[in-house]
Amino acid sequence: MRKIWRSRAATPAPPVLQDWAASLSVSPRLAELLWNRGLSTPEAMDFFLCPGLRHLMPPGDIPGLTQAAEAVAAALTSGKRLTIWGDYDVDGVTSTALLSDFFARRGFSVGHYIPARLDEGYGLSIPGLEKLAESGTDMVLTVDCGVTAVAEAKRARELGLSLVITDHHLPGPELPDAVALANPKLADNEGRDLAGVGVAFFLAAALNRMLPGEHIDVRQFLDLAAMGTLADVVSLTGQNRIIVKNGLLLLADAARPGIFALKEASNYYPKAPLEATQVTFGLAPRINAAGRLNRAEEALALLLAPDLDTARPLAKALDELNVQRRAEEDAISGEALTQAQAQSGNPAMVLHAPHWHQGVIGIVASRVVDAHYRPTLIITADNGKLKGSGRSIPEVDLHAALSACQEHLLGFGGHHQAAGLSLAPENLDALRADFLKAVAEQLGTTSPSPTLRLDGELSFKDIHQELLKELTLLGPFGCGNPEPVFSSPPLDVKGRRVFGANHVILEVRDPDAAVTLRAKAWRMAEEIGADVTGRKLTLAFTPRLDTYNGLASIELRVKDWAAVEKKAAKAG
């Protein structure tokens, strides 16, 4: 869908901004970009540009985390058997790996349990808890799940299991009766937007001080914390920015054999620095592919691999699973987008086919939202029930919309923008009707359209390597901290060529600056047709440094475009 271009600037920058820029040793342009992102003091700008580990919050500020750490420490020091209950997505797998590695390095032997996606589904389950009780587990420590597991917590008590829950998802109306429950969303605090692995990292930091024996450096786990945080698409601000900015340094170093092998399998040089997008779209999908196709244990084994001989075959297997996952995803996306076209007039979409693979329906939901800009539920069959995954748009709180439909659901959970659900097949039509109604009530009279926030106009004469290096200080980029996007002046299109399946490279010239640059538009070859050559257009773009064969050149990454209409000739 074509986007509405809007300026990010809300209020004019103050004259003192020039002085702030000088004190921070940055350009006035960069200071203005920071101001337009809501950083209204030099102290806030300095923290954003230099998110050092000294700015990490005390672990005890996360609601319930101190009690969780105390309960775990008491159990371990008294010889109790602990099992970590994880999840099969990247956030859950990295959380499980982080704590498993931490306990091993502190000299404690603990077990882990990651439910099989297709057989057991997400989160705590009563059969799984019963299995652990039979095997001799005394305490279950959840990561990235559990905050809505009321019935499961009750059964844990009946089984004599001590249950400690760490999660980051939105709580329901009733909290589970656990020994301790740590969740940053239970109260306002600096870590409210943490991913599950972020909570696990702070739990490790708290336990490091409580457990007997020599302390270890918990900074070594920031590589796992960064990967899980990026994959879970949480806001890259505040505490998450600190975790990811510093964790990317460890991912670049790749001291962990599993990370080294995973970078190799993703066609990255193992010791090369990584951008956030390379983790999100390169490393993370290979970890996710294992869980999506019911083999999350392989991903966990990779992250915990003791050496490269162990790690490399596992990384190769995950790469092959990712190829299989992409093929599955493409096939289902085609079918879902066909269904979506028939519902394009609705405020939301509820799409269903019994044969769609549960492991990729969340990704497919995101594709439909990208194409139609409507909250979307993708629903498939699940052992006599239906299972769904939803994605939303900023204007609609998906969790609230599903709350309005909960009488039709067997269960649901998630965030404002992403959620999972289950229901009986006979309730599908009722869910569709009430979901559309709930979304329509949130939207009111507005008809949502995708918006592209612009950081100002940028002439080609002002694009140089010094500017681009300075813009990298704003990274890592992602949810809550998007890359800067600029609008161009009217440009002359000098050439066009297609590459890949549906990508296009434009040769564009800024006539006022007398500068020609290359612009790359991903998945836009159909809409930017061959007739664009010789015409004028404006681009919404992000300038980047592209390195090929060791040579760096400036390239524009096109986010959107608009044709420049010719002025009508004057009469007379």
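We number each residue from 1, following the sequence as shown. Quick caveat: nothing in here was measured; it's all calculated off a predicted structure.
Within the 3.5 Å criterion, the main-chain N or O of Val396 finds a donor-acceptor partner in the side chain of Gln417. Remark: the backbone N or O of Asp253 is paired with a side-chain donor or acceptor of Lys271 at under 3.5 angstrom. Between the side chain of Asn189 and the backbone N or O of Pro184 there is at least one donor-acceptor pair closer than 3.5 Å. Distance alone, capped at 3.5 Å, is enough to place a donor-acceptor pair between the Asp91 side chain and the Gly196 backbone. Put simply, the side chain of Arg219 never gets that close to the backbone of Gly247: no donor and acceptor are under 3.5 Å apart.
The CD1 atom of Ile242 sits 10.5 Å away from atom CG of Leu222, with the distance rounded to the nearest 0.5 Å. A distance of 8.0 Å separates CG in Asn208 from CZ in Phe221, rounded to the nearest 0.5 Å. Annotation: the span from Ile84 atom CD1 to Ser95 atom OG amounts to 9.5 Å, rounded to 0.5 Å. Atom CG of Leu398 is separated from atom OG1 of Thr376 by 9.5 Å, given to the nearest 0.5 angstrom. Taking CZ of Arg256 as the start and CG of Asp101 as the end, the distance is 5.0 Å to the nearest 0.5 Å.
In this structure the side chain of Trp5 reaches within 4.5 angstrom of the side chain of Thr538, judged on heavy atoms. At a threshold of 4.5 Å between non-hydrogen side-chain atoms, the residues Leu262 and Ile287 count as touching. When side chains are defined from C-beta on, His168 counts as touching Asp144, because their heavy atoms get closer than 4.5 Å. Side-chain contact between Glu329 and Arg367 is present, with heavy atoms from C-beta onward closer than 4.5 Å. Looking at Ile259 and Met227, their side chains come closer than 4.5 Å, going by heavy atoms from C-beta outward. Within the 4.5 Å cutoff, no side-chain heavy atoms of Phe477 are placed close to those of Pro482. Within the 4.5 Å cutoff, the side chain of Lys3 has no heavy atoms near those of the Lys559 side chain. Proximity of His415 to His169: side-chain heavy atoms (C-beta onward) are separated by under 4.5 Å at one or more points.
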Please list, one pair per line, the donor and acceptor atoms closer than 3.5 Å that link side chains of residues 13-32 to other protein atoms, with sequence neighbours excluded.
{"residue": "Ser23", "atom": "OG", "partner": "Trp20", "partner atom": "O", "Å": "2.7"}
{"residue": "Ser27", "atom": "OG", "partner": "Leu30", "partner atom": "N", "Å": "3.1"}
{"residue": "Ser27", "atom": "OG", "partner": "Glu470", "partner atom": "OE1", "Å": "2.5"}
{"residue": "Ser27", "atom": "OG", "partner": "Glu470", "partner atom": "OE2", "Å": "3.4"}

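Residue pairs meeting the side chain to side chain donor-acceptor pair (under 3.5 Å) criterion with at least one partner in residues 455-466, sequence neighbours excluded, are Arg8-Asp455, Ser459-Asp510, His464-Glu466.
No salt bridge links Glu555 with Arg544; every basic N to acidic carboxylate O contact stays at or beyond 4.0 Å. One finds no salt bridge joining Arg509 and Glu507 here, because no Lys/Arg side-chain nitrogen approaches an Asp/Glu carboxylate oxygen to under 4.0 Å. Taking the charged nitrogens against the carboxylate oxygens, Lys520 and Asp546 have no contact shorter than 4.0 Å, which rules out a salt bridge.
Scanning for salt bridge (Lys or Arg N to Asp or Glu O under 4.0 Å) contacts around Arg209 gives an empty result, with sequence neighbours left out.
When only modelled atom types and interatomic distance are considered, Arg453 and Asn36 share no side-chain donor-acceptor pair under 3.5 Å.
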